[in-house]
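Letters A, B, ... mirror the listed sequences (proteins, then strands); counts begin at 1.
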Number of protein chains: 2
Amino acid sequence: MARAESKKLKEAPEKTTRIQEINRRLILDAALDVFSTYGFRGTTIDQIAERAGMSKPNLLYYFPRKQNIYVTLLEETLTEWLAPLAEIDAEGDPIEQLRKYITLKINMSETHPEASRLFANEVLHGAPAISDFLTKYLKPLVDEKAGVIRRWVGEGKLAPVDPYHLIFMIWATTQHYADFDVQVRAIMGSQVGRPGFKEQTAQAVLSIILNGIRPRN
Amino acid sequence: MARAESKKLKEAPEKTTRIQEINRRLILDAALDVFSTYGFRGTTIDQIAERAGMSKPNLLYYFPRKQNIYVTLLEETLTEWLAPLAEIDAEGDPIEQLRKYITLKINMSETHPEASRLFANEVLHGAPAISDFLTKYLKPLVDEKAGVIRRWVGEGKLAPVDPYHLIFMIWATTQHYADFDVQVRAIMGSQVGRPGFKEQTAQAVLSIILNGIRPRN
DNA sequence: CTGCATTTTGACCAAGTAGTCAAGTTTTTG
DNA sequence: CAAAAACTTGACTACTTGGTCAAAATGCAG
């Protein structure tokens, strides 16, 4: 948009042409598919280029290194992926807030399983590209929400439970359906595709977790 | 290559020498470390050979293909990994049986995180090497145990809950601590190493799940 | 239309890696 | 102990793959 820079100045810091915008998008979309399936090492630039419908040198014109595509993709994905956590409202009803959070996560696992797998693969391999992100951005966010949950527990609105482990449990359970999809399908077979499966999953997960943390007396 | 008929018996189908036993073990142990960290594609035979303390051609003398090592390792690991599930006793007390199962799984995640990661990585990438195993061995086992749980529910010994989703939840939650160890550490920091952390984890997981499925009236 | 900037690609290169091979060394066995 | 079998490895091959480059094609402002 900012077309700006007059022609004969020094190297312009950055301008984005229409073609650039289109092709970067094509590349990133293709890369998400491929990286999430084969992992970083298992993916070749040729694969991404083919899926994006362009030649390898052309792809490298937009992202000079394989790493660049991968990191850009992770950054772009992660913020979105964590958004639901940030939305937990300390002033809301605990059970309702957590129900909403879990529901959102299950939906995301269904609609964007590639994002989940991309992330899972990265973390599984030691998070070499995003360890900074984990400590600088994720940890503070989790700390804050853990504080909220701890307060709820203190007020007797939830059964006594370690907030960090509760959050891990929600992550693990919801992402399981994206990350281990093949296994889920191998076991549950045709049920997985059927309409209503997602609702059934949400129902089961919500039932166990929410009853597990509902205050008892 | 007419091999000696001079010996009276035909070629023995397989015999294992002392050296073979030692070296296969060395290779598989080394391979587990490397494969579980870098995945199949991310691992080189040289890496495994070096870690096993032998030359690459020597390693290939025992396992002619990289795939062979990988598959052998998966087979060896999987049976052991699933053993606890098989131990769930239909005649036992439901809550006690599940408590035992969850506890065993958490212990395994702590003592053999590499096995968990090896498996997670394989499934995450579509289980190309073990899809047969999943349908032929894992599915029947899970079906059987799901039947047991369903019966418990029918007898009112557990809250109404889908047995498959319950099993997935237990898998997801317990393996999370092995597979996403880096993330858990990034968030919980020094606590992870501390003695008692495993117990605290087990306590939290057990508390939520068991209370989530305890019969209500 | 013209000329410059942007985009595109075929051909190529260097590094890395799975797997081979033939020739040596060690272990087993009769 | 000597021959056979089992084991070990340096050197090598064939192939994959990340990345380069120079030249051609296309887009676009004046």
Closest nucleotide among [options] to the [X] side chain:
| X | options | value |
| --- | --- | --- |
| A:Q20 | C:dT6, D:dG27, C:dT28 | C:dT6 |
| B:S55 | D:dT8, C:dT7, D:dC7 | D:dT8 |
| B:T17 | D:dA6, D:dT8, C:dT8 | D:dA6 |

Can you tell me if [X] touches the phosphate of [N], counting only side-chain N or O atoms and a distance under 4.0 Å to OP1 or OP2?
| X | N | value |
| --- | --- | --- |
| A:Y61 | C:dT8 | no |
| A:R18 | D:dC28 | yes |
| B:N23 | D:dA6 | no |
| B:N58 | D:dC7 | no |

Inset, instruction - At under 4.0 Å between heavy atoms, which parts of nucleotides 14-20 of chain C does protein reach? Answer with one letter per nucleotide, 5' to 3': B base, S sugar-phosphate only, - none. - result: ---SBBB
Legend entry - Qualifying residues under salt bridge (Lys or Arg N to Asp or Glu O under 4.0 Å), relative to B:R99, sequence neighbours excluded: B:E96
For the pair made of [atom1] in [X] and [atom2] in [N], what is the distance, rounded to whole Å?
| X | N | atom1 | atom2 | result |
| --- | --- | --- | --- | --- |
| A:Q47 | D:dG18 | CD | P | 9 Å |
| A:I22 | C:dT7 | CD1 | P | 11 Å |
| A:Y62 | C:dT6 | OH | P | 11 Å |
| A:I48 | D:dT16 | CD1 | C1' | 16 Å |

Inset, instruction - State which residues pass side-chain contact (heavy atoms from CB on, under 4.5 Å) with A:V182; sequence neighbours excluded, sorted by chain then number. - result: B:A127
Inset, instruction - With heavy atoms under 4.0 Å as the rule, sort B:F63 into base, sugar-phosphate or nothing. - result: nothing
Inset, instruction - Under the ring-ring contact (aromatic ring centres under 6.0 Å, His included) rule, what do A:H165 and B:F197 come out as? Steps first, then yes or no, please. - result: CA-CA 11 Å; A:H165 290 298; B:F197 178 77; 5.7 Å; yes
Inset, instruction - May I ask you to establish whether B:R24 and B:F63 are in a cation-pi arrangement, using a distance under 6.0 Å from NZ or CZ to the six-membered ring centre and at most 45° from the ring axis? - result: yes
Legend entry - Pair B:Y62-B:N68, side-chain donor/acceptor within less than 3.5 Å: no
Inset, instruction - Decide whether B:Y70 and B:E122 meet the rule of one side-chain donor and one side-chain acceptor closer than 3.5 Å. - result: yes
Inset, instruction - For the pair A:W152 (side chain) and A:A90 (backbone), establish whether a donor and an acceptor sit closer than 3.5 Å, ignoring hydrogens and angles. - result: yes
